There are 2 protein chains.
Amino acid sequence: ACELRAVSKVYYKPDGSVMVEALKGVDLVIRRGEYVAIMGPSGSGKSTLLTLLGCLDRPTGGQFLVGGRDVRAMSDEELSVFRGRTIGFVFQSFNLIAQHSILENVGVPLFYQNVPPADRHRRAAEMLDLVGLGDRVHHRPMELSGGQQQRAAIARALVTNPLILLADEPTGNLDSATGQSILALFDRLHEQGMTVIMVTHDPAIGDRARRVVRLRDGLVEVDRMNPPR
Amino acid sequence: ACELRAVSKVYYKPDGSVMVEALKGVDLVIRRGEYVAIMGPSGSGKSTLLTLLGCLDRPTGGQFLVGGRDVRAMSDEELSVFRGRTIGFVFQSFNLIAQHSILENVGVPLFYQNVPPADRHRRAAEMLDLVGLGDRVHHRPMELSGGQQQRAAIARALVTNPLILLADEPTGNLDSATGQSILALFDRLHEQGMTVIMVTHDPAIGDRARRVVRLRDGLVEVDRMNPPR
Ligand SMILES: Nc1ncnc2c1ncn2[C@@H]1O[C@H](COP(=O)(O)OP(=O)(O)OP(=O)(O)O)[C@@H](O)[C@H]1O
Ligand SMILES: Nc1ncnc2c1ncn2[C@@H]1O[C@H](COP(=O)(O)OP(=O)(O)OP(=O)(O)O)[C@@H](O)[C@H]1O
Ligand SMILES: [Mg+2]
Ligand SMILES: [Mg+2]
């Protein structure tokens, strides 16, 4: 489980003064196998929260425990190893490497796991096929549409078969039909045990999750279970 | 009016062979003051079409007439002058300049119109206020949420009071309430005479437009007027 207790995140100016209090005291427990939608207004702290949950950054205050262990007790290297083994992250702005094809891009997390090149390419190609990009594998990000870049970022997040998927608005650039097929893929992986934590602005997607956490101004405003589907 | 006749757009590989036929023969007439939603599957050619309509690129084949004049008869410079005077463009990936605050970013189109600095800053600040970013004007793009970056891109597109707004999925990163306020702003400007051409994946936004053009595989599949609101 991931557990946040009174977690705050402050962005500072270069002179050390406070620029923005992005999270102001978040209490949240997410257990293995959950399917949580994180919603709320633009600027309310969703991406910041997801970044902390993904161990890509540390809280300014409060406690963040993963598997019972406070991340403050973990070095940057330990956190990085944990992240590589456990987490798949889909960024709101994709963060694909411009100079590489999406086949290479999707293979990068496997490279860090010391998977040999032939297996990397095979698994990356399979994942790209799953998201409907089988005929675009040699394109670089700038040679793709916005929704194709988004799907490549999703493929990269899933290629290591992560225990936890953190996805920041993964269908924002997708038409309804393509978005539904991506959500169906997430459902299948969730049924196989993957934890899904997804930021979304789409109420219909919020309804598909098992639980909705709604932020406002850096605080949790709502945290409730959805009625069973 | 903008008129496309049998317009094609091909992306080539470095060796000159065809990589992708993004548009395969588009016929389309859009008149002054229209409000058109462009919809269709991911990869169907919407951003490519918008880029041509915005005079940011030229067709590979066919004719594209603006105000009755074929763009092939216009030099790159003439096209650029026409674009600066007439068009406001919201990019799917925003294209904000990382090193500048959003106040400076939004002022850039006015700089190219030789507007003096004090007026540039005043008008940029007003536009940022209109999109709800009045308290973020000195932030640089990386110090903003995804939806805030999107709104800054929208402000930049509107700061010159363009005759034609071309917007590529302008509410994709916005929660419902913020998205609605942006669409209400577009409505007001449309009532004052601005032509609106918007790519969207959201059927609800398609319903708000006066007309929907739906692409599939680089061709126009549907082109119909919406019932009056
Ligand atoms: N620079 C490029 N080089 C090669 N192919 C490209 C390039 N840009 C786009 N494409 C291809 O052209 C097609 C149309 O792309 P476009 O960006 O217009 O799609 P779109 O309808 O906007 O999709 P989305 O809804 O995903 O944003 C896609 O199949 C894409 O792979
Ligand atoms: N690097 C930064 N420096 C300063 N302020 C920041 C930085 N990154 C984000 N912020 C601010 O922190 C707040 C929360 O940002 P965050 O990206 O978490 O919002 P969000 O809920 O994901 O919004 P959206 O729905 O628009 O993506 C915003 O008000 C934003 O302006
Ligand atoms: Mg965000
Ligand atoms: Mg597009």
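Note that the coordinates shown come from a computational prediction; the quantities given were computed from them, not determined experimentally.
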Can you say whether Met19(A) sits under 4.5 Å from chain B via the side chain, the backbone, both, or neither, judging by heavy atoms?
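Looking at Met19(A), just its side chain touches chain B.
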
Atom group of Ser42(A) that falls short of 4.5 Å from chain B, counting heavy atoms
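Both backbone and side chain of Ser42(A) come within 4.5 Å of chain B.
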
Mind ranking Thr200(B), Leu174(B), Asp135(B), Thr171(B) by heavy-atom pairs under 4.5 Å with chain A and telling me who comes out on top?
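If we count pairs closer than 4.5 Å to chain A, Leu174(B) comes out on top.
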
When Ser176(B), Pro41(B), Gly172(B), Ser47(B) are compared by non-hydrogen pairs under 4.5 Å with chain A, the top option:
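Ranked by contacts with chain A, first place is Pro41(B).
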
More than 12 foreign heavy atoms under 6.0 Å from [atom1] of [X]: is that the case here?
| X | atom1 | answer |
| --- | --- | --- |
| Arg211(A) | CZ | yes |
| Arg58(B) | CZ | yes |
| Arg216(A) | CZ | no |
| Met225(A) | CE | yes |

Whether the side chain of Asp175(A) engages the backbone of His201(B) through a donor-acceptor N/O pair (distance < 3.5 Å, no angle test) should be reported.
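Answer holds: no.
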
Contact class of [X] relative to chain A, heavy atoms under 4.5 angstrom:
| X | answer |
| --- | --- |
| Glu169(B) | side chain |
| Glu143(B) | side chain |
| Val20(B) | side chain |

Euclidean distance, His138(A) NE2 relative to Lys13(B) NZ, rounded to 0.5 Å:
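Those atoms lie 9.5 Å apart.
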
